[in-house]
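Position 1 is the first residue of the sequence; numbering continues from there. Predicted, not measured: the structure shown is a model, and the values here were computed from it.
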Amino acid sequence: MHYSMIMVCHAADGYFADGNREGVRRVLNQTTRVGQVLPLGHDHYQIVYTNGGTLELRACGLGGGRSFHYIEVCLTSASWTGDMLTLIFNLMKAGGFGLLDSLDSHQIIITAPEQIVYFPWLPEPPRVVRSPHELAHVVGLVTAAA
């Protein structure tokens, strides 16, 4: 299975903004649900879970001082798990990112109500999620037991 999503960061004026690098690094370093974070290249990581699931993250700008506007998420294992969605939710929240569950999505998913005004160019208002479970429900993913 191959499934891709993109997280984007915008400011209140609707323009791209830098995500919170320290928050994202903290989530990647402190999560207990991940077995390993393996570097695959500059700002490209494979996340290996203790249950065998894998994700790839391309977080251009995370490792340096250049712009850090988005994170690409690619599922590289057979299915989504609750642990994977928890990591994505925590990255969104810590980094200030909204999530597009596909490139042709008409709605962005956010974790903070104040982000609603950050995406004026989308045809539908953002959808606020408050937990990984809500995130799974909104993107319509069936997950394995967490």
Side-chain angles (χ1 to χ4, degrees), residues 1-49 53-77 79-143 146:
M1 177 178 196
H2 181 80
Y3 190 94
S4 296
M5 297 183 199
I6 190 164
M7 289 186 245
V8 294
C9 192
H10 280 74
D13 61 8
Y15 289 98
F16 281 111
D18 277 346
N20 182 334
R21 285 180 181 86
E22 292 307 312
V24 168
R25 289 181 190 134
R26 185 175 52 255
V27 167
L28 291 174
N29 291 328
Q30 294 179 352
T31 186
T32 59
R33 298 169 184 229
V34 169
Q36 293 179 298
V37 177
L38 304 170
L40 297 178
H42 186 65
D43 294 338
H44 185 191
Y45 309 92
Q46 183 179 43
I47 311 298
V48 181
Y49 290 84
T54 59
L55 284 177
E56 285 188 22
L57 299 178
R58 291 185 195 274
C60 298
L62 177 61
R66 64 181 217 215
S67 62
F68 179 47
H69 299 321
Y70 68 94
I71 299 174
E72 295 174 50
V73 179
C74 182
L75 174 70
T76 55
S77 59
S79 64
W80 289 98
T81 67
D83 290 347
M84 292 174 180
L85 289 163
T86 296
L87 179 70
I88 291 170
F89 178 81
N90 290 340
L91 289 172
M92 290 170 61
K93 193 169 184 144
F97 289 98
L99 177 71
L100 293 165
D101 65 343
S102 71
L103 291 179
D104 60 347
S105 180
H106 296 286
Q107 186 175 51
I108 196 156
I109 302 160
I110 57 176
T111 61
E114 61 269 12
Q115 292 175 309
I116 288 174
V117 298
Y118 292 11
F119 302 94
W121 41 269
L122 288 173
E124 295 180 36
R127 179 96 182 249
V128 181
V129 295
R130 299 190 197 294
S131 71
H133 179 74
E134 283 184 23
L135 177 61
H137 178 73
V138 168
V139 297
L141 296 173
V142 176
T143 62

Subject >> Side-chain donor or acceptor of Gln30 paired with backbone N/O of Val27 under 3.5 Å >> reply: no
**OP:** State, with a plain yes or no, whether a side-chain heavy atom of Leu57 is found less than 4.5 Å away from one of Leu62.
**Re:** no
Subject >> Flag side-chain contact, heavy atom, 4.5 Å: Leu40 against Glu56 >> reply: yes
**OP:** State the OG-CG distance between Ser131 and Leu85, to the nearest 0.5 angstrom.
**Re:** 10.0 Å
Subject >> His69 atom NE2, over 12 foreign heavy atoms within 6.0 Å >> reply: yes
Got a list of side-chain donor-acceptor pairs under 3.5 Å for residues 11-18, not counting sequence neighbours?
residue : atom : partner : partner atom : Å
Asp13   : OD1  : Tyr15   : N            : 3.0
Asp18   : OD1  : Phe68   : N            : 2.8

**OP:** Mind listing the closest non-hydrogen atom pair of Ile110 and Gln115 along with its distance?
**Re:** CB-OE1, 3.3 Å
Original post:
Judged by atom type as modelled, is there a donor-acceptor pair below 3.5 Å linking the side chain of Thr76 to the main-chain atoms of Thr54?
Top reply: yes
Original post:
Looking only at heavy atoms, what is the nearest atom pair of Gly61 and Asp43, with distance?
Top reply: N-OD2, 2.9 Å
Original post:
What is the minimum heavy-atom distance between Met5 and Trp80, and which atoms define it?
Top reply: CE-CZ2, 3.6 Å
Original post:
Are any non-hydrogen side-chain atoms of Ile6 and Ile71 less than 4.5 angstrom apart?
Top reply: no
Name every donor-acceptor pair, under 3.5 Å, that has one atom in a side chain of residues 91-99 and the other anywhere in the protein, sequence neighbours excluded.
none

Subject >> Side chains of Met7 and Val73 in contact at under 4.5 Å (non-hydrogen atoms) >> reply: yes
Subject >> Any donor-acceptor pair under 3.5 Å from Arg25 side chain to Asn20 backbone >> reply: no
Original post:
Which atom names give the shortest non-hydrogen contact between Tyr45 and Ala59, and what distance separates them?
Top reply: CE1-CB, 4.4 Å
Subject >> Short side-chain to backbone donor-acceptor contact, Gln107 and Pro125, under 3.5 Å >> reply: yes
Original post:
Considering all heavy atoms of both residues, which atom of Thr111 and which atom of Phe89 are nearest to each other, and what is their separation?
Top reply: CG2-CE1, 3.6 Å
Subject >> Distance (rounded to the nearest 0.5 Å) between Arg58 CZ and Ser4 OG >> reply: 9.5 Å
**OP:** Report the C-alpha separation of Thr86 and Leu135 in whole Å, then their side-chain angles, then the decisive distance to 0.1 Å, and conclude whether the side chain to side chain contact (heavy atoms under 4.5 Å, CB included) test is met.
**Re:** CA-CA 9 Å; Thr86 296; Leu135 177 61; over 6 Å; no
Original post:
Can you name the nearest heavy-atom pair linking Ser77 to Gly53, along with the distance?
Top reply: OG-CA, 3.7 Å
Subject >> Residue list, side-chain hydrogen bond (donor to acceptor under 3.5 Å, both in side chains) with His42, at least two apart or on another chain >> reply: none
